[in-house]
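Written below as structure tokens is the structure these notes are about.
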Number of protein chains: 2
Amino acid sequence: MAVTNAVEPRYAVIKRYIREQIEQGLWSEHHQVPSENSLGEQFSVSRMTARRALQELTTEGVLVRHQGLGSFVAEQKPVGSLLEVRNIADDISQRGHRYSNQVLLMETCCAAADAALALDLPPGSELYHSIIVHYDNDLPVQWEERFTNPRLVPDYLEQDFTALTPNRYLTQVAPLTEAEHTVEAVLATDEQARALQIAQPEACLLIKRRTWSSRGAVSYARLLHPGSRYRLGAQLSMNRN
Amino acid sequence: MAVTNAVEPRYAVIKRYIREQIEQGLWSEHHQVPSENSLGEQFSVSRMTARRALQELTTEGVLVRHQGLGSFVAEQKPVGSLLEVRNIADDISQRGHRYSNQVLLMETCCAAADAALALDLPPGSELYHSIIVHYDNDLPVQWEERFTNPRLVPDYLEQDFTALTPNRYLTQVAPLTEAEHTVEAVLATDEQARALQIAQPEACLLIKRRTWSSRGAVSYARLLHPGSRYRLGAQLSMNRN
DNA sequence: TGTATATAGTTGTATATACAAGTATTCTCG
DNA sequence: CGAGAATACTTGTATATACAACTATATACA
């Protein structure tokens with residue numbers, strides 16, 4: 001393969017610069033980025049070229065622009081409508097219900113094959129392991145079993161997850177850049193059925209979620225929902241109209 | 001509410017013109033649209049303004065452009081990564097497996113409450129009703145129960161669905177513009193378990209899919225997959241990088 | 001015939017310019 | 001002090017121009 005010798009267009013240089021400022025945390029959400037004119041001076045390009053960089057970053061959702069005001073770093077939101085990385089506590093409060101949870105387990109364990117694979121770690125590595133049941137108005141709606149990479153989140157076990165969801169805590173200490181979900185249907189184990197207060201046999205939705213931050217795979221969670229108390233939804237429309 | 005008095009920018013006029021040509025079927029997929037220069041002449045604007053229209057339609061996925069060649073109408077693809085409207089027959093062939101199916105039922109029935117609601121029809125309306133089991137290498141992987149609006153697809157019952165999947169047939173006669181999915185976990189009924197050749201009890205993924213064409217709600221399908229033979233997957237990444 | 005070369009047409013990048021329009025601040029005047 | 005006007009700065013729209021890069025076709029030549 002030949003090295004691509006293509007020169008990077010000037011507007012791309014500006015785009016890259018802005019992205020870097022944001023990724024390095026120098027410009028956080030709602031920070032005002034330089035104006036078209038000042039970027040033009042800074043990079044010795046015309047206003048229209050600087051404008052193009054800002055414009056494209058806007059359509060890509062990195063910036064928001066307001067006429068008369070300026071350009072600002074956008075709030076970071078996940079793309080993809082169906083399976084966003086949501087915090088179940090927020091979902092429940094948003095419905096106007098009371099959220100609570102119970103921590104069943106917090107431990108250090110040795111990675112089994114599947115968890116090690118999911119976190120890109122060698123089998124037998126030390127992992128943090130937690131099991132939490134989430135309640136919606138005292139009705140259990142999710143069994144969360146989670147494996148977390150101790151190198152990226154060293155103080156995971158010291159957290160009080162009745163106050164702050166693991167999901168929320170993790171997104172704070174290791175802002176996630178990527179996520180992967182799979183959805184399948186399984187029967188609950190007896191232990192899970194007891195914790196979720198469901199009769200056996202019961203079909204459950206099992207969502208496996210892997211999340212990455214810029215430093216690597218952070219966490220691997222298995223989220224089990226009683227089939228009778230949970231569903232996923234998605235709308236989609238075609239490109240046209 | 002005051003009527004928006006804002007004048008439509010010139011580039012927006014050109015965008016609208018192009019979208020209309022496509023929506024009316026005058027320009028179909030891969031059709032070459034006028035060049036920047038000729039659009040500029042046609043609408044009495046500069047090339048850069050015509051260019052902007054083409055450019056934006058490209059980022060919106062309506063057109064594709066190739067340097068030196070021209071601009072072309074893009075293939076219509078659904079947006080949203082997870083639950084596209086896929087044809088299970090295509091999925092199976094794509095994996096290199098052999099696809100087959102068995103039609104268990106084809107009838108006219110009176111809409112039950114849920115089906116009527118799903119298709120925006122009054123309860124008791126006449127509906128087409130079909131049940132088909134889809135096989136991957138002779139292993140049943142999907143139980144498809146479908147209700148179809150006879151006013152939009154009058155000759156549904158005359159089709160030979162062993163040759164052409166309902167999904168594929170419907171997208172041909174009534175190109176879909178919108179779709180809605182829900183995903184839940186349920187236990188298979190005895191009838192479904194027999195048809196899918198699964199042991200009881202078995203957890204199954206139930207996907208409910210409603211599809212619309214420009215003329216209204218076309219079809220409501222319940223797609224049941226054995227939990228042990230099916231899963232859904234989705235990747236998503238954040239706005240940045 | 002086959003292979004370069006020229007050419008015409010397309011999109012891509014970049015600039016300079018002009019004016020419109022929205023926002024916030026400052027200034028002026030009653 | 002308050003209200004309106006002037007202002008400075010921002011993004012938005014539109015144009016004219018120049019050249020680069022890519023593609024397909026036509027042409028010239030060996």
Side-chain angles (χ1 to χ4, degrees), chain A residues 1-19 21-22 27-75, chain B residues 1-19 21-22 27-75:
Chain A
M1 278 299 193
V3 175
T4 69
N5 222 0
V7 289
E8 190 178 20
R10 295 193 200 238
Y11 71 84
V13 174
I14 301 178
K15 285 179 69 176
R16 194 161 47 74
Y17 165 74
I18 294 175
R19 295 195 107 105
Q21 301 300 307
I22 296 172
W27 296 350
S28 49
E29 288 183 9
H30 306 117
H31 175 95
Q32 180 163 13
V33 313
S35 69
E36 300 175 352
N37 280 318
S38 71
L39 279 173
E41 281 188 25
Q42 185 178 340
F43 287 87
S44 302
V45 299
S46 74
R47 183 199 147 200
M48 294 310 286
T49 300
R51 175 180 179 74
R52 176 167 182 177
L54 294 172
Q55 196 70 334
E56 292 194 2
L57 288 173
T58 299
T59 69
E60 292 164 20
V62 177
L63 303 179
V64 291
R65 277 151 74 75
H66 295 289
Q67 188 171 1
L69 290 176
S71 306
F72 306 85
V73 177
E75 294 176 23
Chain B
M1 275 300 188
V3 175
T4 67
N5 222 359
V7 288
E8 190 177 20
R10 298 195 200 235
Y11 70 85
V13 174
I14 303 179
K15 285 179 70 175
R16 194 161 47 75
Y17 165 74
I18 295 175
R19 296 194 106 106
Q21 302 299 308
I22 296 173
W27 296 349
S28 50
E29 288 183 6
H30 306 117
H31 175 94
Q32 179 164 11
V33 313
S35 69
E36 300 175 352
N37 280 318
S38 71
L39 280 173
E41 281 188 24
Q42 184 179 341
F43 287 87
S44 302
V45 299
S46 75
R47 183 199 149 201
M48 293 312 283
T49 300
R51 174 181 178 76
R52 176 168 181 177
L54 294 172
Q55 196 70 349
E56 291 193 2
L57 288 174
T58 300
T59 67
E60 292 164 19
V62 176
L63 303 179
V64 292
R65 280 152 72 75
H66 295 289
Q67 187 171 2
L69 290 177
S71 306
F72 305 86
V73 178
E75 295 174 24

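Throughout, a chain's letter reflects where its sequence line sits, starting with A, and its residues are numbered from 1.
Side-chain N/O atoms of B/Arg52 and base N/O atoms of D/dG12 include no donor-acceptor pair closer than 3.5 Å.
The distance between atom CG of A/Leu57 and atom C1' of D/dT11, rounded to the nearest whole Å, is 15 Å. For A/Arg51 and C/dA21, the CZ to C1' distance is 12 Å, given to the nearest whole Å. Atom-to-atom, CG of A/Leu39 to P of D/dC9 comes out at 16 Å; the value is rounded to the nearest Å. The CG atom of A/Asn37 sits 13 Å away from the C1' atom of C/dA16 (whole-angstrom rounding). Between B/Leu69 atom CG and D/dA24 atom P there is a gap of 5 Å when expressed in whole angstrom units. Look at CZ on A/Phe43: it is 13 Å from P on C/dA14, rounded to the nearest Å. In this structure, A/Glu36 places its CD atom 14 Å from C1' of C/dT17, rounding to the nearest Å. A straight line from CD of A/Glu8 to P of C/dG12 spans 18 Å, rounded to a whole angstrom.
For the pair A/Gln67 and A/Arg10, both in contact range of DNA chain C, the more 5′-proximal nearest nucleotide belongs to A/Arg10. With the nearest nucleotide of DNA chain D identified for both B/Ala12 and A/Ser71, A/Ser71 has the one nearer the 5' end.
Ranking C/dG12, C/dA14, D/dT11 by closeness to the B/Arg47 side chain, first place goes to C/dG12. Side-chain atoms of A/Tyr11 lie closest to C/dA14 of the nucleotides D/dC19, C/dA14, C/dT10. Between C/dA14, C/dT11, C/dT17, one nucleotide has an atom nearer to the side chain of A/Thr49 than all others, and that is C/dA14.
Here D/dC29 sits opposite C/dG2 as a Watson-Crick or G-U wobble pair (both hydrogen-bonding atom distances under 3.5 Å).
For the OP1/OP2 pair of C/dG9 and a distance below 4.0 Å, the side-chain nitrogens and oxygens of B/Ser35 include no atom meeting the criterion.
Contact annotation for B/Gln55: backbone-only contact, meaning every heavy-atom pair under 4.0 Å involves sugar-phosphate atoms and none involves a base.
Looking at B/Gln42 and B/Leu39, their side chains come closer than 4.5 Å, going by heavy atoms from C-beta outward. The closest side-chain heavy-atom distance from B/Val73 to B/His30 is not below 4.5 Å. Side-chain atoms of B/Arg10 and B/Phe43, non-hydrogen and from C-beta on, never get closer than 4.5 Å to each other.
The aromatic rings of A/Phe72 and A/His66 lie tilted to each other, with the angle between the two planes from 30° to 60°.
In this model, a donor atom of one side chain and an acceptor atom of the other lie less than 3.5 Å apart for B/Ser71 and B/Arg65.
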